[in-house]
Amino acid sequence: MNANIAVIKGDGIGPEVVTEAMKVLDAVGTKYGHTFNYEQLLMGGCSIDAYGDPLTDETVAKAKAADAVLLGSIGGNTSTSPWYKLPPNKRPEAGLLKIRKELGLFANLRPALLYDQLKDACPLKKEIADRGFDMLIMRELTGGLYFGERKTEEIDGVMTAIDTLTYTEKEIRRIAIKAFDIAMKRRKKVTSVDKANVLDSSRLWRKIVEEVAKDYPEVSYEHMLVDNAAMQLVKDPAQFDVVLTENMFGDILSDEASMITGSIGMLSSASLNETKFGLYEPSGGSAPDIAGQGIANPIATILSAAMMLRFTFDLDKEADAIEQAVKQVLVEGYRTGDIMSDGCKKVGTLKMGDLIAARV
Ligand code: IPM
Ligand code: MG
C-alpha cells in the first residue's frame, strides 16, 4: 500500500513523540511492504509563530487531501506562553477545534486499557487494578459546549460569560451508532453517560440512544449520570466496555480513564468522520514542562499510529504487530519515567521508539 499521511508534530513533546511513531510506521512499511509518504504541516503554537494563525486554510486543505492525519500535540504553558495573550480564537487550541470541525471528525475513540505489566503504575487499590480493565471511550467531538455560541459581555455593569450546550438529534444518533457498532466488535456493552437529571441536551441524548439501541438487540446498554461515572471509573473500571458520551464529559472522563492506565502517556486516540479518513493523536497534551528533554512517553502516539492502520487503512495485521511490539517491550521491562516501577529498565523517548520499531 502507498499511503499519504499528513503529519502535524505540533508543540511541546509533539515533535519528539511523533518522530517515534513515524519510525515505527516505517518499520511496519519495511516489514509488510507498504510505503508511508509524509507531508509535514504546522498547527498550534508553531503555526502561530510561522503564520500568525494556529491553523491556516491551506493547512486544512492539505490535511483534507491526505488519507489520514497523524498529530502530536498543540499548545504551551497557559500561564507563561505568549500564545495565551492572543484572543481566544487565535490561540493554539483554536487550531485543534477548527481542524476537528473542518474535517467533520465527530467520533473520538479513546481506548483505555490496563496492561498487566503496568498494574504497579496504576494508582488504584491493588484489588481493583488486579481485576484489570479494557474500555473504549466514544466521545462526541464536534458539538456541545465546545462549539456552541459563547460571549462575554457586561450586563447592567456585571461581567457575564455565556457558553451554550447544543445537541441535535442527528449529532446524537450518528455518534450513538458508532458506539453500538464498535460494541458489537467488543464485549457488546454500552454505557451512555449524561446528566439527564439536569440538562435538556442530556434528556434528548438519552431518548436518541434508546432509539438506536433498539437496532442492536445483542448489545446490553445502560445510562449513567456523569458524576456517578467519574466515581465508578475509580471504583470499578472493569464494568465498562464502550462508554458513550458528549464532548465535554468525554474530555474529562478520558483524562481520568488515562490516569488509571498508569499514565496519560499510554492513551491513544482516533478521531473519525463518516468515511475512512481519520486524525490520530495521543490523548495527552503537549506537556511543555518536559518538552525537549527526550523523556516523554511515545507509546500513546505509537498506538495512535496503530489505530490509523486499523481504521483508515484496514491493515489489521500490521496494527496488531505494533500493539504486540508495545506489549513486548513492557514485558521485557522497558519503561519511560512516567510508568517506571522498581526493577524495570528506564529508557527515554528515542530508545522506546527504537525498541518498539525493532519488535514489529
Ligand atoms: C483533548 C484536549 C483538547 C480538548 C484541548 C487541548 C482543547 O484536552 O483532546 O482532550 O479539550 O478536546
Ligand atoms: Mg482533554
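Atoms within a ligand are numbered from 1 in the order they appear, just like the ligands themselves. Being a predicted model, the structure only gives us computed values, none of them experimental.
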May I ask you to test the Ile260-Leu114 pair for a side-chain heavy-atom distance under 4.5 Å? no

Using 30° and 60° as the class limits, which term best fits the ring planes of Phe36 and Phe313: parallel, tilted or perpendicular? tilted

Do the non-hydrogen side-chain atoms of Arg173 and Ile177 ever get within less than 4.5 Å of each other? yes

Would you find more than 12 non-hydrogen atoms of other residues, nucleotides or ligands less than 6.0 Å from Glu218 atom CD? no

Do the charged groups of Lys351 and Glu20 touch, with an N to O distance under 4.0 Å? no

Protein N/O near ligand 1 N/O, under 3.5 Å, which pairs?
from     : atom 1 : to     : atom 2 : distance (Å)
ligand 1 : 8 (O)  : Asp251 : OD1    : 3.2
ligand 1 : 9 (O)  : Arg100 : NH2    : 2.8
ligand 1 : 9 (O)  : Arg110 : NH2    : 2.8
ligand 1 : 10 (O) : Arg110 : NH1    : 3.1
ligand 1 : 10 (O) : Arg110 : NH2    : 3.2
ligand 1 : 10 (O) : Arg139 : NH1    : 3.3
ligand 1 : 10 (O) : Asp251 : OD1    : 2.9
ligand 1 : 11 (O) : Tyr146 : OH     : 2.6
ligand 1 : 11 (O) : Asp251 : OD1    : 3.3
ligand 1 : 12 (O) : Arg100 : NH1    : 2.8
ligand 1 : 12 (O) : Arg139 : NH1    : 3.3
ligand 1 : 12 (O) : Arg139 : NH2    : 2.8

Measure from the Mg ion (ligand 2) to every N/O/S atom of Asp251 and report the name of the nearest one. OD1

Ionic contact status for Asp320 with Arg310, cut-off 4.0 Å: yes

